[in-house]
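My questions will all concern the structure given below.
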Amino acid sequence: MEKYHQILAIIDPTTEDQKALKRAIELAKQTKATITAFLSIYDFSYEMTTMLSNDEREAMRESLITDRLQWLNELIKDLPKENISITTKVIWHNRPFEPIIEEVLHNGFDIVIKGTHQHDKLKSVIFTPTDWHILRKCPCPVLLVKDHLWPMNGNIVAALNVGSAEAEHQSLNVKITEEAINLSKLIKANVHLVNSFPGTPVNIAIEIPEFNANEYNDSMFNHHLEAMNEHAEKFSISKENTHVEEGLPEDIIVRLADELDAELVILGTIGRTGLSAALIGNTAEHLIDNLNCDVLALKPDGYVSPLAN
């Protein structure tokens with residue numbers, strides 16, 4: 001986490017409680033990072049002003065930006081920030097995720113931190129299209145912040161795919177584990193490694209009567225357990241903090257995070273197919289929806305954002 005020298009904290013214009021900015025300040029206290037508080041705004045009534053002159057439309061736009069910038073500066077002034085450098089930036093754009101990713105691409109930010117919205121009636125977190133676009137297309141790590149605190153001696157869950165022989169997944173396993181260890185040192189937390197694996201395919205058990213499902217499951221479990229033990233040993237993580245279970249990742253990881261009352265789950269993302277690594281296709285979206293803690297999503301080495309083209 002020491003490598004996070006520049007933090008881009010995404011401001012939520014609908015609330016005074018800026019979870020992302022508060023989390024950014026927490027991290028900056030440990031890493032001495034600088035923070036840019038970033039707000040993308042757009043007023044759709046602007047679309048209705050075509051009868052105005054270009055100068056009048058520009059004046060309207062600048063007035064709205066100035067108003068939001070003043071609000072943001074006032075908000076930051078009241079936060080306890082302990083000599084942390086915080087700059088502010090307000091951008092006019094009708095697709096909020098694009099200027100966020102462009103800011104990362106053009107100014108070399110090391111991490112994006114964004115708060116999530118909670119649905120008051122359903123008591124669950126709602127992820128906006130902006131959240132998913134950032135997760136899939138942002139080239140740097142993305143930290144999605146919920147309301148869970150980061151207590152001393154808490155738990156970090158690293159979601160791995162140790163059973164895969166693919167180089168990309170193995171490299172991502174290393175990256176996720178190293179990140180978990182680095183962050184655990186900063187916030188004085190414990191690292192847990194978790195890996196899920198699929199059970200016997202139902203169609204095989206039905207179509208091949210002589211197929212032994214128990215032997216298959218035992219073989220799969222032993223394969224993943226051996227791979228997990230080998231991986232954990234490389235990083236001096238005790239077996240007591242490793243977890244290998246049969247089931248879907250969105251079930252296993254969520255349950256373990258709840259049992260440990262984890263403050264953070266770290267997982268890998270592969271942008272071209274949505275979230276992946278230990279996760280297949282869009283199952284990660286279900287996983288993130290159901291987690292009651294922060295999520296740090298990492299890209300594999302060599303990832304290139306589609307907005308970079």
Would you call the rings of W92 and Y42 parallel, tilted or perpendicular if under 30° counts as parallel and over 60° as perpendicular?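 Tilted, since the angle between the ring planes falls between 30° and 60°.
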If we only count heavy atoms from C-beta on, is the R95 to S40 side-chain gap below 4.5 Å? no
Yes or no on salt bridge (charged side-chain N to carboxylate O under 4.0 Å, His left out) for R255 and E259, after CA distance, side-chain angles and deciding distance? CA-CA 6 Å; R255 180 173 56 75; E259 289 175 359; 2.9 Å; yes
Side-chain contact test, heavy atoms from C-beta onward, threshold under 4.5 Å: evaluate it for C138 versus I100 and give yes or no.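 With C-beta onward as the side chain, the pair stays apart.
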Would L248 and S196 count as a side-chain contact (heavy atoms from CB on, under 4.5 Å) if you check the C-alpha gap in whole Å, the side-chain angles of each, and the deciding distance to 0.1 Å? CA-CA 7 Å; L248 297 172; S196 67; over 6 Å; no
Using the salt bridge (Lys or Arg N to Asp or Glu O under 4.0 Å) rule, collect all pairs that involve residues 27-37, keeping only residues at least two apart or in two chains. K29-E82
To the closest 0.5 Å, what do you measure between CD1 (I237) and OG1 (T242)?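 I237 CD1 to T242 OG1: 9.0 Å, rounded to 0.5 Å.
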Using side-chain contact (heavy atoms from CB on, under 4.5 Å), reason through L193 and V162 one step at a time and then give a plain yes or no. CA-CA 10 Å; L193 308 181; V162 294; over 6 Å; no
D67 side chain to S63 main-chain N or O, any donor-acceptor pair under 3.5 Å?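 Pair absent, no side-chain N/O of D67 close to backbone of S63.
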Would you please name every residue forming a side-chain contact (heavy atoms from CB on, under 4.5 Å) with S219, sequence neighbours left out?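 Result, side-chain contact (heavy atoms from CB on, under 4.5 Å) vs S219: none returned.
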Distance col, row L149:CG vs C293:SG, nearest 0.5 angstrom, shows 12.0 Å
Can you give me the closest heavy-atom contact between Y303 and K137, atom names plus distance?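 Looking at all heavy atoms of both residues, the closest pair is OH-CA, 3.3 Å.
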Whether N195 side chain and V244 backbone form a donor-acceptor pair below 3.5 Å: no
Main chain of V191, side chain of N241: is a donor-acceptor contact present, judged purely on distance under 3.5 Å?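 Present.
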Less than 4.5 Å apart, any side-chain heavy atom of N182 and any of L186?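 With C-beta onward as the side chain, the pair stays apart.
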Do K114 and V142 come close enough that some side-chain heavy atom pair is under 4.5 Å? no
Gap between atom CD1 of I11 and atom CZ of R68 - 0.5 Å precision: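 Those atoms lie 11.0 Å apart.
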So does N83 have more than 12 non-hydrogen atoms from other groups sitting under 6.0 Å from CG?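 Count not over threshold, so no.
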What's the separation between atom CD1 in I156 and atom CD1 in I176, rounded to the nearest 0.5 Å?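 Going from the CD1 atom of I156 to the CD1 atom of I176 covers 13.0 Å.
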Minimum heavy-atom separation for V145 to D294, with atom names? CA-OD1, 3.4 Å
Determine whether a donor-acceptor pair (N or O, by modelled atom type, separation under 3.5 Å) exists between the side chain of S171 and the backbone of E168.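 Flag not set: sc S171 to bb E168 has no pair under 3.5 Å.
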What's the spacing between N173 CG and S164 OG if we round to 0.5 Å?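 The distance works out to 8.0 Å.
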I'd like to know if the side chain of K19 and the backbone of T116 have a donor-acceptor N/O pair within less than 3.5 Å. yes
Tell me if a side-chain donor or acceptor on K234 pairs with a main-chain N or O of V174 at a distance below 3.5 Å.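 No, K234 side chain to V174 backbone: no donor-acceptor pair under 3.5 Å.
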Measuring only between side-chain heavy atoms, which start at C-beta, is I101 closer than 4.5 Å to P139?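 Yes - at least one pair of side-chain heavy atoms lies under 4.5 Å apart.
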Quick check: do L21 and L75 have side-chain heavy atoms less than 4.5 Å from each other?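 With C-beta onward as the side chain, the pair touches.
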Please report the closest heavy-atom contact between L298 and Y4, naming both atoms and the distance. CD2-OH, 4.2 Å
Would you say K239's side chain and N229's backbone share a donor-acceptor pair under 3.5 angstrom? no
Can you tell me how far apart CG (L172) and OG1 (T177) are? Round to the nearest 0.5 Å.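 Reported to 0.5 Å precision, the distance equals 9.5 Å.
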List in chain and number order the residues that pass side-chain contact (heavy atoms from CB on, under 4.5 Å) with E62, two or more places apart in sequence or in another chain; answer none if no residue qualifies. E58, I65
Polar side-chain atom of S305 near backbone of L307 as donor-acceptor pair, under 3.5 Å: yes
Looking at every non-hydrogen atom in both residues, tell me the closest pair between A158 and A180 and how far apart they are.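 Closest pair (atom of A158, atom of A180, distance): CB-CB, 4.2 Å.
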Exercise: identify the closest heavy-atom pair between L27 and W150: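 So the minimum-distance heavy-atom pair works out to CD2-CZ3, 3.7 Å.
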Going by the side-chain contact (heavy atoms from CB on, under 4.5 Å) test, name the single residue among L8, I7, T31 that passes it with I111. I7
Backbone N/O of N155 and side chain of E263: donor-acceptor pair under 3.5 Å: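 Yes; at least one donor-acceptor contact below 3.5 Å.
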Whether E26 and K22 form a salt bridge (side-chain N of Lys/Arg under 4.0 Å from carboxylate O of Asp/Glu) is what I want to check.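 Salt bridge flag = no for E26 with K22.
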Tell me whether E233 at atom CD has more than 12 heavy atoms from other residues, nucleotides or ligands lying less than 6.0 Å away. no
Any side-chain heavy atom of L144 sitting closer than 4.5 Å to one from L135?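 Heavy-atom side-chain distance check passes, below 4.5 Å.
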Report the C-alpha distance between K77 and N73 in whole Å, list the side-chain angles of each, state the deciding distance to 0.1 Å, and finish with yes or no for side-chain contact (heavy atoms from CB on, under 4.5 Å). CA-CA 6 Å; K77 187 174 68 175; N73 286 326; over 6 Å; no
Considering non-hydrogen atoms only, spot the tightest contact between A33 and Q6 and give its length. CB-N, 4.4 Å
Any sub-3.5 Å donor-acceptor pair from H243's side-chain atoms to H192's backbone N or O?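 Side chain of H243 to backbone of H192, a donor-acceptor pair under 3.5 Å: no, none is there.
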Test side-chain contact (heavy atoms from CB on, under 4.5 Å) on K146 and L291; report intermediate values, then the result. CA-CA 9 Å; K146 300 195 179 182; L291 284 168; 4.1 Å; yes
Do the ring planes of H133 and F97 sit parallel (below 30°), tilted (30 to 60°) or perpendicular (above 60°)?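 Parallel: the ring planes of H133 and F97 meet at under 30°.
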